[in-house]
Visitor: 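Shown below is the structure under consideration.
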Amino acid sequence: MTTITFFRSDGIFYGFEEKGHVGFAEYGNDPFCAMLSSLTMYIVNAVEDVYHGKVIYDIRDDEAVISVRSPSALPAFEQDERVRFAVSGLFLTYYTMLEDMQLHGDLYEFTGDSGFQIKVENREFE
């Protein structure tokens, strides 16, 4: 089971943490985990390379934890509102996509303890 916790401050999404293994297939061969990893790195690269924002990420393979946070989504750290809107929009879009996948779980072949859950935490940027 993978738990994806999104971080939000004053209603603005600025990051997330993914923990665990989805369990659709063996470690290293799981297409759902590969999708999560690909989307995570897409967000990291988009923040850095496209929007020239700051992103902090940590990948701990031994614990199956990926953490991504961007101060560029928040007004306290980023003056350009276009950058803030774009960066927070990446996190919000990821959240919405995963939420939609949960609503249509019958389209996916998760069994037993396999799958994922989504949470949102209101917390200040650290």
Side-chain angles (χ1 to χ4, degrees):
M1 172 70 77
T2 295
T3 300
I4 305 163
T5 304
F6 285 84
F7 308 132
R8 187 170 60 184
S9 178
D10 292 327
I12 301 168
F13 283 82
Y14 69 84
F16 58 88
E17 181 177 75
E18 300 166 338
K19 287 184 180 182
H21 178 61
V22 175
F24 183 77
E26 292 297 318
Y27 181 82
N29 294 308
D30 191 318
F32 194 84
C33 282
M35 180 204 67
L36 293 178
S37 295
S38 296
L39 287 168
T40 296
M41 291 314 299
Y42 169 80
I43 291 169
V44 167
N45 290 330
V47 171
E48 288 181 329
D49 298 335
V50 177
Y51 302 116
H52 305 288
K54 182 174 182 178
V55 65
I56 302 159
Y57 65 97
D58 182 40
I59 300 170
R60 297 187 308 265
D61 284 329
D62 56 327
E63 300 174 40
V65 175
I66 299 173
S67 175
V68 178
R69 297 175 295 122
S70 178
S72 297
L74 302 169
F77 301 98
E78 176 61 53
Q79 292 182 345
D80 189 333
E81 66 182 14
R82 296 170 298 176
V83 171
R84 290 194 313 261
F85 179 76
V87 172
S88 66
L90 287 169
F91 294 116
L92 178 59
T93 300
Y94 188 33
Y95 169 77
T96 303
M97 183 197 73
L98 292 172
E99 189 177 53
D100 187 58
M101 290 178 82
Q102 282 189 323
L103 290 173
H104 301 286
D106 56 323
L107 300 176
Y108 306 95
E109 300 177 12
F110 300 125
T111 58
D113 291 334
S114 301
F116 68 100
Q117 65 179 353
I118 304 167
K119 300 190 294 186
V120 176
E121 287 184 7
N122 293 311
R123 66 159 83 163
E124 294 300 314
F125 188 87
E126 303 168 357

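One is the number of the first residue; the rest follow in order along the sequence.
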Visitor: Under 4.5 Å between side-chain heavy atoms, hopping through other hydrophobics if needed: is there a path connecting F77 to F85?
Guide: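 No, because F77 and F85 fall into different hydrophobic clusters, even though each may have its own neighbours under 4.5 Å.
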Visitor: Is the shortest heavy-atom distance from the side chain of L36 to the side chain of Y94 under 4.5 Å?
Guide: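 Side-chain contact under 4.5 Å: yes.
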Visitor: Verify, without hydrogens or angle tests, whether N45 (side chain) and M41 (backbone) share a donor-acceptor contact under 3.5 angstrom.
Guide: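 Pair found, side chain donor or acceptor close to backbone of M41.
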Visitor: Does any part of the side chain of P75, heavy atoms only, come nearer than 4.5 Å to the side chain of I12, both counted from C-beta?
Guide: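 The answer is yes, as the side chains (C-beta and beyond) meet within the 4.5 Å cut-off.
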Visitor: Any idea which heavy atoms bring L74 and R84 closest together, and the distance?
Guide: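 Result for this residue pair: C-CD, 3.4 Å.
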Visitor: Under a 4.5 Å cut-off applied to non-hydrogen side-chain atoms, are V44 and V68 in contact?
Guide: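 When only atoms from C-beta onward are counted, V68 and V44 do touch, with a gap below 4.5 Å.
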Visitor: Can you tell me how far OG of S88 sits from OH of Y95, rounded to the nearest 0.5 angstrom?
Guide: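 Reported value, rounded in 0.5 Å steps: 14.5 Å.
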Visitor: Inspect the surroundings of CZ in F125 and state if more than 12 heavy atoms from other residues, nucleotides or ligands are less than 6.0 Å away.
Guide: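 Above 12, so yes.
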Visitor: D58: which residues meet the salt bridge (charged side-chain N to carboxylate O under 4.0 Å, His left out) condition with it, sequence neighbours left out?
Guide: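 Listed in chain order: R60.
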Visitor: Can you confirm whether the side chains of T5 and E121 place a donor and an acceptor under 3.5 Å from each other?
Guide: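 No pair is found: no donor N or O on one side chain lies under 3.5 Å from an acceptor on the other.
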Visitor: Can any side-chain N or O of R69 pair as donor or acceptor with the backbone N or O of E126 at less than 3.5 Å?
Guide: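 Such a contact is found between R69 side chain and E126 backbone.
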Visitor: Is the shortest side-chain heavy-atom distance between L90 and Y51 below 4.5 Å?
Guide: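 Side-chain contact under 4.5 Å: yes.
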Visitor: Could you give me the CA-CA distance, side-chain angles and deciding distance for F7 and F16, then say whether ring-ring contact (aromatic ring centres under 6.0 Å, His included) is met?
Guide: CA-CA 5 Å; F7 308 132; F16 58 88; 8.1 Å; no
Visitor: Going through the checks in order, is the side-chain contact (heavy atoms from CB on, under 4.5 Å) test met by I4 and K119?
Guide: CA-CA 6 Å; I4 305 163; K119 300 190 294 186; over 6 Å; no
Visitor: Take T2 and E18 through the side-chain hydrogen bond (donor to acceptor under 3.5 Å, both in side chains) test and state the conclusion after the steps.
Guide: CA-CA 7 Å; T2 295; E18 300 166 338; over 6 Å; no
Visitor: Quick one: does R8's side chain have a donor or acceptor within less than 3.5 Å of a partner on V120's backbone?
Guide: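 It does not hold such a pair.
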Visitor: Measuring centre to centre across the rings, with the benzene-like ring taken for any Trp, is Y14 within less than 6.0 Å of F91?
Guide: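 Ring-ring flag for Y14/F91: false, centres at least 6.0 Å apart.
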Visitor: Is E81 atom CD crowded by more than 12 heavy atoms from other residues, nucleotides or ligands, each under 6.0 Å away?
Guide: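 Count not over threshold, so no.
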Visitor: For K54, enumerate each residue passing the salt bridge (charged side-chain N to carboxylate O under 4.0 Å, His left out) test, keeping only those at least two apart in sequence or located in another chain.
Guide: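 Once residues adjacent in sequence are excluded, K54 has no partner under the salt bridge (charged side-chain N to carboxylate O under 4.0 Å, His left out) criterion.
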Visitor: Could you tell me if the side chain of L98 sits less than 4.5 Å from the side chain of M101, heavy atoms only?
Guide: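 Answer yes - side chains close enough.
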Visitor: Do V55 and V50 sit in the same hydrophobic cluster, where Ile, Leu, Val, Met, Phe, Trp and Tyr count as joined when their side-chain heavy atoms come under 4.5 Å apart?
Guide: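 Yes, one cluster joins them.
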Visitor: Heavy-atom count around Y42 OH within 6.0 Å, excluding the residue itself: above 12?
Guide: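 It does not: Y42 OH has 12 such atoms or fewer within range.
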Visitor: To check you understand the geometry: which heavy-atom pair defines the closest contact between T40 and I66, and what is its length?
Guide: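 Smallest interatomic distance, heavy atoms only, reads CG2-CG2, 3.7 Å.
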Visitor: Which heavy atom of S72 sits nearest to which heavy atom of G53, and what is that distance?
Guide: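 That would be OG-CA, 3.3 Å.
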